Amino acid sequence: MDQMEENEIELETVVIDDNVDSADFNNVPTDTVSAAISVEECNKVEKLVKFPITRIKHLVKMDPDVNLCSQEALFLITKTTEFFVECLSKEAYSYTAQSKKKTVQKKDVEQAIDAVDALAFLEGVLDS
């Protein structure tokens with residue numbers, strides 16, 4: 001449970017520039033203003049994630065059971081994937097550090113999978 005508390009998502013809010021005069025938007029069509037805001041929001045979402053959202057979307061589309069996936073769901077899947085990879089890599093690195101090495105190897109990941117019950121579903125995945 002401690003790891004879940006450490007990995008809580010902190011969402012950033014979009015800050016609108018206070019220096020912009022509202023009169024500047026009076027002559028601009030509302031479609032342009034809403035488009036500018038939606039582009040700004042999209043850029044903000046991209047900054048919140050480290051993995052490419054389009055790649056995750058491609059992986060989601062590979063599942064034949066999934067017909068549609070909203071942007072919000074795609075964002076959550078991407079963040080969850082980031083947290084999972086972070087957790088697995090930290091756990092694997094702890095075994096790397098115990099053996100006084102700097103490079104994470106396959107055996108370190110296997111030890112992490114064997115040690116953590118939550119990663120039991122990955123047992124045998126690395127076998128070639």
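For the single chain, residues carry numbers from 1 onward in sequence order. Predicted, not measured: the structure shown is a model, and the values here were computed from it.
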Are Phe84 and Leu76 connected in a single hydrophobic cluster, I mean Ile/Leu/Val/Met/Phe/Trp/Tyr linked by side-chain heavy atoms less than 4.5 Å apart? yes
Neighbour count above 12 (heavy atom, 6.0 Å) for Asp63 CG: yes
Pairwise side-chain contact, Glu123 with Asp114, heavy-atom cut-off 4.5 Å (strictly under): yes
Spatial distance of atom [atom1] ([X]) from atom [atom2] ([Y]) [nearest 0.5 Å]:
X      : Y      : atom1 : atom2 : value
Tyr93  : Thr103 : OH    : OG1   : 9.5 Å
Leu74  : Thr54  : CG    : OG1   : 9.0 Å
Glu91  : Thr96  : CD    : OG1   : 10.5 Å
Leu119 : Glu110 : CG    : CD    : 13.0 Å
Lys79  : Glu86  : NZ    : CD    : 8.5 Å
Ile56  : Thr78  : CD1   : OG1   : 5.0 Å

List the atom of [X], the atom of [Y], and the distance in Å for their closest heavy-atom pair.
X      : Y      : result
Tyr95  : Ala115 : OH-CB, 2.9 Å
Cys69  : Ala73  : SG-CB, 4.0 Å
Val104 : Ala92  : CG1-CB, 4.0 Å

side-chain contact (heavy atoms from CB on, under 4.5 Å) for Ile113 and Val125? Distances and angles first, verdict last. CA-CA 10 Å; Ile113 291 171; Val125 170; 5.9 Å; no
